[in-house]
Amino acid sequence: MTTFAELGVDQDIIDTLAARGIVDSFPIQEQTIPLSMPGQDIIGQAKTGTGKTFGFGIPLVQRLGPFPGPGVQALVVVPTRELAVQVYEDIDMLTTGRPTSVVAIYGGKAYEGQIEQLRAGAQIVVGTPGRLIDLAGQRLLDLSNAHEVVLDEADKMLDLGFLPDIEKIFQKVPEVRHTQLFSATMPGPIVALARRFMSNPIHIRASDPDEGLAQANIHHMVYRAHSLDKDEIIARILQARGRGKTVVFTRTKRAAQKLVDELSDRGFNAVAVHGDMSQEARERSMAAFKSGKRDVLIATEVAARGIDVDDVTHVINHTVPDDEKAYLHRVGRTGRAGKTGIAVTFVDWEDLHKWALINRALDLGQPEPKETYSSSPHLYEELDIPEGTKGRIATAPKTQTVRTPRMHRPGSAVDAAAEGEGGTKRRRRRRRADEAGTVGASFAPDAAADESEPEGGTPSAPEAEAEGIGTHDGSGREHRDGKPAAARRRRRRRRSGTGSPTPGA
DNA sequence: AAAAAAT
């Protein structure tokens, strides 16, 4: 193992890293930092959770020098707002003790703060394409001196959805510059395309090409489950999983919303993140999940790439992801920095082919998924639930399965009973649309207030909570049911009892 | 086709 000092990293950055317990370098850092530091263009490829951010971040901070003058000299572009926040935090940490200042520029947020920081002379900008182009177009962001450019999740940034924006951004930065592209996945055609934006790049792969792209420390499992049984199986996995956090990926925003509602009703500590939520609610969910206040995150593809949360032990694919790249990034939320993780994928009948392609492309060696579900409750006990947990599954009370039919027949007597007082279908739906994903869970009511206090101060907790998810119903009401949020919280607390995550409690 | 990304 090479030390950071041997890689040419400045002592103050070494100290900053050490203060955070980071003393060992990762292979990608060892391979790219010495090349990147003197200005070599790099395409850096390394597995999920193996230190890519510092791989480009350290040279970037260091190349600006210890006392950079004011004005944007470095630009990092990322595909999602949450990743912008995370990368911003990482790079900001690297600048500790330097006058270098970093700003995150992304949508869904007030312009003022971001513009203010740019005016104050920020040197490093981390952002998402839309807002970057917006501010550049308004002459509020000057990229003409950004000689350092990074595309994080580079293959995503160069795919069809983002490419036009990326081309615009490259038109705004200097032609002579240092360009770094990083990702766990770099398909050949994308590498070819990438060369258009780089000069004599070196493509570094931090692992043996025949080794495969999948993390060896992730254990993969497949269930061929009927969609109506998925909630029940997920609940059982969550119950049996022990300490740690879980990310569940859904294909659609609506499915994410529905699942977070269902799991919250079952007493799990779940929050959601998806594009139909307000940015404030998205960030509140992420903060609660990162801090451990909530231990289940239900997410759409938005959280598939780059997001780094400690102690994620399980990733569950509620539906098979689009392709092997999506699979790799999703399951890469676990098994990070040398830890192990479990990846569970539900394969629907119509996804059998898609799954077979992923299984083969990544050489996962998974057998053909067997039909593991049944409408009969005991058959759940035959499920191969993730390691070390079978005993607990087998002893799970049978009565748990009573809750599954509620999903099948919304509005039934069971449904009304679960709602408690005044539970019409319509009211229930409204409550959920507003609430879930913001605080999500039905207990730990104090957390609702904690999570709605970002730095910089926002409205009082009730309003912040009530704002809920943005465009879901497009309303913007301050209250639902005509009751203030505090009263609603009391009602929910009563309904959900003590907060023990026991289904059927 | 869905999700993401400016308002």
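Numbered from 1 within each chain, the chains take letters A, B, ... in sequence-line order.
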Taking only distance into account, with no hydrogens and no angle test, what donor-acceptor pairs under 3.5 Å do side-chain atoms of residues 346-361 of chain A form with protein atoms, sequence neighbours excluded?
from	atom 1	to	atom 2	distance (Å)
A:Asp348	OD1	A:Lys230	NZ	3.1
A:Asp348	OD2	A:Lys230	NZ	3.2
A:Asn359	OD1	A:Gly365	N	3.3
A:Asn359	OD1	A:Gln366	N	3.0
A:Asn359	ND2	A:Gln366	O	2.7

Compare all side-chain heavy atoms of A:Lys172 with those of A:Leu132 and state whether any distance is below 4.5 angstrom.
->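 The answer is no, as the side chains (C-beta and beyond) never meet within the 4.5 Å cut-off.
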Side-chain heavy-atom pair A:His178, A:Val150 within 4.5 angstrom cut-off =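 A:His178 does not reach A:Val150 side chain to side chain.
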Which residues pass the ring pair (Phe, Tyr, Trp, His ring centres under 6.0 Å) test with A:Phe56, sequence neighbours left out?
->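 Applying ring pair (Phe, Tyr, Trp, His ring centres under 6.0 Å) to A:Phe56 gives A:Phe182.
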Summarise protein proximity over nucleotides 1-7 of chain B in one line of letters, 5' to 3': B for base, S for sugar-phosphate only, - for none, counting protein heavy atoms closer than 4.0 Å.
-> BBSSBBS
Aromatic A:Phe197 / basic A:Arg177 pairing, under 6.0 angstrom, 45° off normal =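 The answer is no, since A:Arg177 fails at least one limit relative to A:Phe197.
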